[in-house]
**Student:** 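For reference, the structure I am asking about is given below.
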Protein chains: 2
Amino acid sequence: MTETPGSNAQRERRRRILDATIALANEGGFDAVQMREVADNADVALGTLYRYFPSKVHLLVTALGRQFERAEAQAQGRPVPGDTPHERVMHVLGVTTKAMQKQPQLTEALTRAFMFADASVSEEIHYVGMKLTAIITHAIEGTDQTREPTEEDTAIVRVIGDVWLSALMGWVTGRTTADEVERSMDVAVRLLLR
Amino acid sequence: MTETPGSNAQRERRRRILDATIALANEGGFDAVQMREVADNADVALGTLYRYFPSKVHLLVTALGRQFERAEAQAQGRPVPGDTPHERVMHVLGVTTKAMQKQPQLTEALTRAFMFADASVSEEIHYVGMKLTAIITHAIEGTDQTREPTEEDTAIVRVIGDVWLSALMGWVTGRTTADEVERSMDVAVRLLLR
DNA sequence: TCCGAATCTAGAACGTGTTTCAATAATAGG
DNA sequence: CCTATTATTGAAACACGTTCTAGATTCGGA
């Protein structure tokens with residue numbers, strides 16, 4: 001799927017770096033992901049870290065992309081429970097929200113990096129966006145994978161993704177609770193999938 | 001409206017600081033708003049700047065709030081053109097998008113600060129959110145200000161605001177063009193206001 | 001007008017993201 | 001196996017947000 005270029009040793013280094021990143025983020029959030037610390041924990045020189053990832057934000061957004069990849073791989077084939085698009089989308093969002101609640105620091109780190117990213121990270125951002133829409137589309141379609149998503153479906157998926165990001169931001173910045181996230185998602189999805 | 005406390009000299013300092021912030025942001029975006037530079041240009045000591053605004057993000061989000069205040073004051077009383085809620089909302093969003101296109105650096109600076117804000121900025125963030133929903137609500141209502149907004153209206157306004165923020169982020173990070181922002185807003189508003 | 005408290009100033013200092021560089025190690029091509 | 005190229009290392013240096021300190025200055029109340 002995602003062919004990572006380079007020698008074996010290089011793939012290993014890259015993996016160690018991303019692992020260290022996730023571990024640090026999980027413990028202390030965005031601020032705890034310090035480049036010197038990541039390099040140390042990944043057994044790599046600081047310069048090497050910067051050769052692999054040109055900035056902290058690149059690093060974190062790439063890590064987010066890897067998380068989405070794994071989530072997608074896990075959901076692969078398994079049908080989403082629920083009889084209506086609304087139910088299925090809410091199920092996926094609910095599961096995701098619950099997972100994020102269990103690792104609030106990690107969520108904070110990855111979300112803030114995503115939000116803070118500037119134009120130089122657009123490629124990585126775009127990748128994450130694709131994964132997100134793929135997951136929501138999959139939920140809307142349900143088992144009925146035969147039907148090609150209409151243009152309207154695509155638009156709806158994008159809007160749901162947007163609302164979810166905003167809600168996530170509210171939660172990460174402590175303005176809303178996880179319950180409120182779920183409630184506001186429910187309202188938005190109801191408005192859109194009617 | 002917004003009673004700024006303190007002596008005259010203090011209000012003046014605060015104004016100079018925010019003016020310098022906007023000016024720097026307008027020239028060079030988020031990175032060009034450097035605290036030492038802001039302090040210099042506003043003729044205050046660095047320590048004073050930090051007494052007024054405890055962080056760069058507080059500073060920028062407060063500046064964003066002031067911009068919204070002014071936008072709201074200008075729109076005050078003037079009815080929004082358009083015969084339907086959809087038309088009126090799109091008109092407001094279109095005008096805003098155009099204004100932002102004229103000052104892309106300023107938009108980048110304020111948007112990124114808003115996105116990056118953490119829990120300590122929730123008050124300022126909340127203020128900006130209120131202004132935004134007020135503007136959208138005003139557009140939906142149009143001249144017919146008699147009708148109390150329903151609960152559904154409120155929910156719709158919030159979703160529109162969320163989508164707009166996401167679209168804005170896409171534009172700021174160079175993933176989408178201003179045209180695409182407007183187009184995706186049109187789709188979202190159509191989906192919601194039907 | 002005078003005093004004490006609050007505010008402001010100038011500047012040094014610190015932490016962390018980022019850059020740079022010389023030396024060493026690994027790797028690929030002949 | 002040798003060599004040229006490239007990658008990695010370790011460490012210093014730089015940039016900018018933030019904090020701290022010591023001494024003016026300003027301000028409000030007696």
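Small disclaimer: the values here were computed from a predicted structure and weren't measured. A note on names: the letters A, B, ... follow the listed sequences, proteins ahead of strands, and every chain is numbered from 1.
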**Student:** Quick one: A:M35 CE to D:dA15 C1', roughly how many Å, whole number?
**Tutor:**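 To the nearest whole Å, that distance equals 16 Å.
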**Student:** On DNA chain C, does the nearest nucleotide to A:G47 precede the nearest nucleotide to A:F30 from the 5' side, or the other way round? Give the residue.
**Tutor:**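 Its nearest nucleotide lies further toward 5', so the answer is A:F30.
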**Student:** For the pair made of NE2 in B:H58 and P in D:dT18, what is the distance, rounded to whole Å?
**Tutor:** 10 Å
**Student:** Taking the six-membered ring of A:F116, is the NZ or CZ of A:K56 close enough (under 6.0 Å from the centre) and on axis enough (within 45°)?
**Tutor:**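 Relative to the ring axis of A:F116, which defines the angle, A:K56 lies outside at least one limit.
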**Student:** Is any side-chain N or O of B:R36 under 3.5 Å from a base N or O of D:dT18, one able to act as donor and the other as acceptor?
**Tutor:**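 Answer yes: a donor N or O sits under 3.5 Å from an acceptor.
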**Student:** Whether B:Q10 contacts C:dC8 is assessed here as follows: a side-chain N or O lying under 4.0 Å from the phosphate OP1 or OP2. Is that the case?
**Tutor:** yes
**Student:** Check the hydrophobic clustering (I, L, V, M, F, W, Y; side-chain heavy atoms under 4.5 Å; chains of links allowed) and say if A:M35 and A:L60 are grouped together.
**Tutor:** yes
**Student:** Is it true that A:E12 and A:R15 make a salt bridge, defined as a side-chain N closer than 4.0 Å to a carboxylate O?
**Tutor:** yes
**Student:** Quick check: on DNA chain D, is the nucleotide nearest B:S55 upstream (toward 5') of the one nearest B:R13, or the reverse? Name the residue that is more 5'.
**Tutor:**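 By nearest-heavy-atom nucleotide position, the 5'-most residue is B:S55.
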**Student:** Atom CG of B:L46 to atom C1' of C:dT7: distance rounded to whole Å?
**Tutor:** 15 Å
**Student:** Atom CD1 of A:I17 and atom P of D:dT8: how far apart are they, to the nearest Å?
**Tutor:**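 To the nearest whole Å, that distance equals 9 Å.
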**Student:** Flag the pair B:E180 and A:R158 as a salt bridge only when some basic side-chain nitrogen lies within less than 4.0 angstrom of an acidic carboxylate oxygen.
**Tutor:**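 Salt bridge between B:E180 and A:R158, a charged N being under 4.0 Å from a carboxylate O: no.
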**Student:** For the pair made of CG in A:N8 and C1' in C:dA28, what is the distance, rounded to whole Å?
**Tutor:**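 So the CG-C1' distance, A:N8 to C:dA28, works out to 16 Å.
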**Student:** With heavy atoms under 4.0 Å as the rule, sort B:D43 into base, sugar-phosphate or nothing.
**Tutor:** sugar-phosphate
**Student:** To the nearest angstrom, how far is B:L59 atom CG from D:dC16 atom P?
**Tutor:** 16 Å
**Student:** So, B:T111 side chain and B:E108 main chain: donor-acceptor pair closer than 3.5 Å or not?
**Tutor:**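 Checking the backbone N and O of B:E108 against the side chain of B:T111, no donor-acceptor pair under 3.5 Å is found.
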**Student:** Whole angstrom is fine here: how far is it from CZ in B:R51 over to C1' in D:dT26?
**Tutor:** 12 Å
**Student:** From the options C:dT16, D:dG10, C:dT19, select the nucleotide whose nearest atom is closest to the side chain of A:A45.
**Tutor:**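 Closest nucleotide among those given: D:dG10.
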**Student:** How long is the line joining CG of B:L49 and P of C:dG11, in whole Å?
**Tutor:** 17 Å
**Student:** On DNA chain D, compare the nucleotides closest to B:K56 and A:T48; which residue's is nearer the 5' end?
**Tutor:**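 Its nearest nucleotide lies further toward 5', so the answer is A:T48.
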**Student:** Would you mind classifying the nucleic acid contact of B:V33 as base, sugar-phosphate or nothing, using non-hydrogen atoms under 4.0 angstrom?
**Tutor:**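 Result for B:V33 = sugar-phosphate.
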**Student:** Answer yes or no: does a side-chain N or O of A:Y52 lie under 4.0 Å from OP1 or OP2 of D:dT8?
**Tutor:** yes
